[in-house]
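Chain naming here is simple, since letters A, B, ... match the order of the sequence lines and numbering starts at 1 in each.
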Amino acid sequence: MRYNFLEIEKKWQHFWKINQTYKVSLSSKPKLYVLDMFPYPSGAGLHVGHPLGYIASDIYSRYKRHKGFNVLHPQGYDSFGLPAEQYAIKTGQHPKKTTSENINMYRKQLDRIGFSFDWSREIRTSDPNYYKWTQWIFTLMFNSFYCSKEKKAKSIDVLIDSFNNNGDKDYQDDLKPLGYTFSKSQWNSFDEKLKSEILMNFRLAYLTNGDVNWCEELGTVLANDEIINGVSERGGYPVTKKVVKHWCLRISKYSERLLNDLDKIEWPEPLKEMQRNWIGKSKGVSITFQVENSNRQIEVFTTRPDTIFGVSFLTIAPEYEDTSELSSSNNKSSIKKYISEVSKKTERDRLTDVKTVSGVFSGSYAIHPFNGKRIPIWISDYVIASYGTGAVMGVPAGDQRDFDFAKKFQIDIPNIFKNIDISKAAFSDKFGFTLINSDILNEMDYSTSLDLIIKEIENRGIGKSKIQYKLRDAIFSRQRYWGEPIPIYYKDGIPKNIDLDNLPLKLPEVDNFLPTKNGDSPLGNSKKWAWNENIKKVDLNENINNVDTFPLELNTMPGWAGSSWYFYRYMDPTNDKGFVSKDSQDYWSDIDVYFGGSEHATGHLLYSRFYQKFLYDFKFLNKIEYAKKLINQGMILGNSAFIYRNPLTSEYFSSDLTSEIKLDKIRIDIKYVKGENEVDLEMLQNEDKDFNESIFKTKNQKFLCVREQEKMSKSKFNVVNPDEICNQYGADTLRMYEMFLGPIEQSKPWDTRGISGVHSFLKKFWNLFFNEDGIKLSDEEPSKESLKTLHKTIKKVSEDIERLSLNTCISSFMICINELSSINCNNKHILEKLLILISPFAPHFAEELWSQIGNNKSIVNEIYPEYIEKYLVESEKTYPVSFNGKTKFTINLSLDLNKNEIQEAVLSSEKTKSFLNNSNPKKIIIVPGKIINIVI
RNA sequence: GCUCGAGUGGUGGAAUUGGUAGACACGUUGGACUUAAAAUCCAAUGAGCAGUAAUGUUCGUGCGGGUUCAAGUCCCGCCUCGAGUACCA
């Protein structure tokens, strides 16, 4: 019987669907939660790179089911956000429509690969029943603050109570830097607006007016992690700074916990490192400088207070709040000009322009707190307003940026390092120096001077130790249509949250959902977007009298709002009393293995950890981290093809032609390449409009192209569609081949030619079950040889799945089937156990043969075969015998022999004698069961 | 610049604790079957040298050094590639 994969796969996919084979519920069995990062359905469809992680997680899930676990393995769609909306805009349709179409297409493609997802738990972040809880969490954040003493989030009511009863007493440390001091009675006399303003400084979801990353092309604000190399991650559009009123999440309060708890999870080290860098903890000191002839002070942050005697200027950021106050009258216009120039720079310019030093003198001076020297205050964009205090002390001797700045503006460069030449560059090492010209610190090294100066600074009350983080609060507002509405309305300009009972606040229908260049939100186009505290959402078209309507927030949430907590919704997807029930959470607990790409390191994977900790603080969750283990699957690289063109004559050249002119590199669709690297010019000219007018160098010349491997992407014309592979070889072959390519965490090139090896393996396996008459298995006692092969494979495959080394599993299967084929094994006991072993990898294949050999139940819950050691016990070992570490020959010896007996046997062998050539060995090293090494 | 990875045949990769480097597969070459092709099966396949051959022998895991009886694996110093990040004081 032939291996008819198309028919088999269709049959079993249908079987699994109607029998709900993969549906799980709470049970007394041990649980396991295996999750993939859910996709955003983009419209381009799947290519073979997408399912790589899904296949690995599916194999792992299926294996664990065989091992007796109740496995939660769900899937859903991250269907709100920029990718979905950009696709809708591009195709001129409503995002709701395109999103559901794309989801259907994704689902069809996913189903063909035979995943064991429990689709009854499917979630979509754009579903109101889902985003109700996304809004609910936001509201909880709005009504919370971070208690610095207890290091956890608490209800904002705790803070209000304290203000009501004690004034600022309990929170002076937080209020003073903000400029607020008040007694109990003062607080109670404040109007609601002022109270709201003060509280806004504490809320974990807060409204603020400040500089944001503005992307005009996308018509929205972006978070830091959505900008790559100074342009938007989506589309690659320029980003500038703009002052906009926007919502933020106070994630920075969780910096320390986000950093420390990384040690508690088994995530890839490079990814943890990325998060650590992004959080960017540094220890330092803040020091206050008095401004000359003024009662103003400038506070700087530095990690090198030991270099304080090398200060020759201060620099403040252009956005620093008091720049105008500091500027003397004759400098005012040049300062204004400089500041406006800086604000016009795009993020990209700022990045590429790092080498250009710019700045302007403010006209004011500060007084050095130790030696009383006059220190000029400068303004420059090399200082970032949002980091530290927005002001730095310039120590040109010890910091390259300060050095460059001082050189450019001819500021003093006092040397404070003994016998170190700083004429060409600053000296920024923390070792190998002693200080000079440094008053009390003279002749001291780094650590001694550091300890002393910190003590001195604190004793004199001019500063204190401080820990600084790079992590900024997350900008939460998006001026876009396709996202969760932020459930806030404005009563007399004061933001109020919508009662939890009234969630979800559903996205309104609008005539026009396109973003605007000036940043007005599309939700403003709705006539129904207003709130009344009694009648709730108001339709402004209706004639409503005597009803106070309040404007609703026009911004929507970013894409990561819905993805920051979705893994809990799978546990209990239809619950309308809470985002997850206690029972479900107690049972499923957390994710055991989470599969996804490392590109989410500083986005989704950081935000979701923050959400986790926030919800943990309120005991809505009982773990401080949500995923014990994370696997970053690598990319599958596609083959891209390029040809070269002379930019002047538009002639095309074969790639091996050397030319003195710099040739343009033109990307062509890989389908025009035949064989290794020959371009089918006729096809290219016929099909590709761009190439019609092109002049080719010679008509009958062969055109060669250059190939490069890069990330698979539709725009690079190098995608391979999994459907095509399924049609030609079947899903089981696709699954096994993707795993066979290499370790999952590694990037690896796709080469469809290699797939035949895996496919013929399955055919070979299949053929063991059949002869000309049909199924033909023997029921006899299996041979020793076949038992050894089977148990060797059980051991190797199960160990390899446990450590997620799936490529080597495939090799073991191939070795196993090669061995069984060579002895023509058709033993039922052996083969049926092998079917269970292969079932996680090739589920359709395994189900079909399982039923053909007479089972009427699905194979998916069969118990995994036990590995029995006795079948593997060897009595002999082929020892490699090496001389001076180089293997010369092998010798078969019983494993029962001890060292002396082995030595005797080896030395008496003729071969040894010939290598020794009558000399005596200096030393003989014998590792029983491993090697024999003779030193001569 | 800084941080973190990774360099093994023509290709993808294997070698889990230092112990026969190159498993498994692709590709290539030769052969069988066939009128022919496809499919299938068999054999060879790291490089060099010697030999008709069996075989022998040297080199070989990015480069240079070291530790060890023994190094792809450990240590030191470089080179190259990839990823992340970037005026973070």
Minimum-distance nucleotide (side-chain atoms of A/W278 versus B/A14, B/A89, B/A86): B/A86

Short N-O contact, A/K795 and A/E869, less than 4.0 angstrom: no

First of A/S747 and A/T303 reached from the 5' end of RNA chain B, by closest nucleotide: A/S747

A/D263 bridged to A/R276 by N-O distance under 4.0 Å: yes

Gap in Å between the two C1' atoms, one belonging to B/C76 and one to B/G82, rounded: 24 Å

A/Y382 OH - B/G1 C1' separation (whole Å): 17 Å

Proximal nucleotide (of B/C87, B/U85, B/U20) relative to the A/T602 side chain: B/U85

Nearest-angstrom distance, C1' atom, B/U35 to B/C26: 31 Å

Aromatic ring pairing A/F409/A/W378, orientation class (parallel under 30°, perpendicular over 60°, tilted between): tilted

Under 4.0 angstrom between A/Y879 side-chain N/O and B/U20 OP1 or OP2: no

Identity of whatever pairs with B/U80 - Watson-Crick or G-U, under 3.5 angstrom: B/A6

Touch class at under 4.0 angstrom, heavy-atom based, for A/K796 against every strand present: base

Sugar-phosphate only, base, or nothing, as touched by A/R803 at under 4.0 Å among non-hydrogen atoms: base

Below 4.0 Å: OP1/OP2 of B/C24 and any side-chain N or O of A/S812: no

Salt-bridge contact A/K408-A/D404 (side-chain N to carboxylate O under 4.0 Å): no

Pairing partner (Watson-Crick or G-U wobble, both distances under 3.5 angstrom) of B/A15: none

Separation of atom CG in A/L637 from atom P in B/G82, rounded to whole Å: 12 Å

Geometric class of the A/F301/A/Y387 ring pair [parallel <30°, tilted 30-60°, perpendicular >60°]: perpendicular

Contact letters for nucleotides 66-78 of chain B, in which S counts primed atoms plus P, OP1 and OP2 and B counts the base, heavy atoms under 4.0 Å: ---BS--------

Short N-O contact, A/R803 and A/E799, less than 4.0 angstrom: no

Given B/C87, B/U16, B/A25, the nucleotide with the shortest approach to the side chain of A/D800: B/U16

A/N224 side chain near B/U85 phosphate (N/O to OP1/OP2, under 4.0 Å): no

Same-atom distance (C1') from B/A71 to B/G60, integer angstrom: 14 Å

Carboxylate-amine/guanidinium proximity below 4.0 Å for A/E256 and A/K281: yes

Sugar-phosphate, base or nothing in reach of A/T315, heavy atoms under 4.0 Å: nothing

Separation between the C1' atoms of B/A43 and B/G48, rounded to whole Å: 23 Å

Watson-Crick/G-U partner (both atom distances under 3.5 Å) of B/G1: B/U85

Any donor-acceptor N/O pair, A/E299 side chain to A/T389 backbone, under 3.5 Å: no

d(CD1, A/I279; P, B/U3) in whole Å: 19 Å

Sugar-phosphate only, base, or nothing, as touched by A/S380 at under 4.0 Å among non-hydrogen atoms: nothing

Integer angstrom distance from the C1' of B/C24 to that of B/A37: 30 Å

Pairwise C1' distance for B/G72 and B/A14, with rounding to whole Å: 12 Å

Short side-chain N/O contact from A/K748 to OP1 or OP2 of B/C26, under 4.0 Å: no

NZ/NE/NH1/NH2 to OD/OE distance under 4.0 Å, A/K748 and A/E738: no

Per A/V383 side chain, nearest of listed nucleotides B/A15, B/C4, B/A89: B/A89

Parallel, tilted or perpendicular, as decided by the 30° and 60° cut-offs, for the rings of A/H368 and A/F370: perpendicular

Whole-Å distance separating the CD atom of A/E799 from the P atom of B/U17: 12 Å

Distance in angstrom units between A/I924 CD1 and B/G19 C1', rounded: 17 Å

Sugar-phosphate, base or nothing in reach of A/D404, heavy atoms under 4.0 Å: nothing

Identified pairing partner of B/U67, criterion: Watson-Crick or G-U wobble below 3.5 Å: none

Counter-base of B/U61, judged by Watson-Crick or G-U geometry with both distances under 3.5 Å: none

B/U55 - base-pair partner by Watson-Crick or wobble geometry, distances under 3.5 Å: B/A50

Check: A/F765 ring centroid to A/F813 ring centroid under 6.0 Å: no

Qualifying residue, where the test is ring pair (Phe, Tyr, Trp, His ring centres under 6.0 Å) with A/W766 and the options are A/F5, A/F761, A/Y3: A/Y3

Which nucleotide in B/U58, B/A89, B/U3 has an atom nearest any side-chain atom of A/K888: B/U58

N/O (side chain, A/K764) to phosphate O (OP1/OP2, B/A25) under 4.0 Å: no

Given B/A21, B/C24, B/A15, the nucleotide with the shortest approach to the side chain of A/T808: B/A15

B/C75 and B/G18, which share atom name P, separated by this distance in whole Å: 11 Å

Between B/G84 (P) and A/N632 (CG): distance, integer Å: 12 Å

Shortest side-chain distance from A/P743, nucleotide among B/G13, B/G27, B/A21: B/G13

Closest to the A/M814 side chain, choosing from B/G12, B/C4, B/C24: B/C24

Complement of B/A32, any strand, by Watson-Crick or G-U distances under 3.5 angstrom: B/U40

Comparing A/P749 and A/S882 on RNA chain B - which has the more 5′ nearest nucleotide: A/P749

Among B/A23, B/A89, B/A25, the one nearest A/S811 by side-chain distance: B/A23

For atom CG of A/L806 and atom P of B/G12, their distance in whole Å: 20 Å

Sugar-phosphate, base or nothing in reach of A/R2, heavy atoms under 4.0 Å: nothing

Nucleotide B/G19, atom P - distance to NZ of A/K930 in whole Å: 7 Å

Whole-Å C1' distance, B/A70 and B/U20: 12 Å

Touch class at under 4.0 angstrom, heavy-atom based, for A/K763 against every strand present: sugar-phosphate

B/A89 OP1/OP2 closer than 4.0 Å to side-chain N/O of A/Q468: no

Sugar-phosphate only, base, or nothing, as touched by A/Q400 at under 4.0 Å among non-hydrogen atoms: nothing

B/G31: syn or anti, per glycosidic angle within 90° of 0: anti

Sugar-phosphate, base or nothing in reach of A/D402, heavy atoms under 4.0 Å: nothing

Complementary nucleotide for B/G27 - Watson-Crick or wobble, under 3.5 Å: B/U45

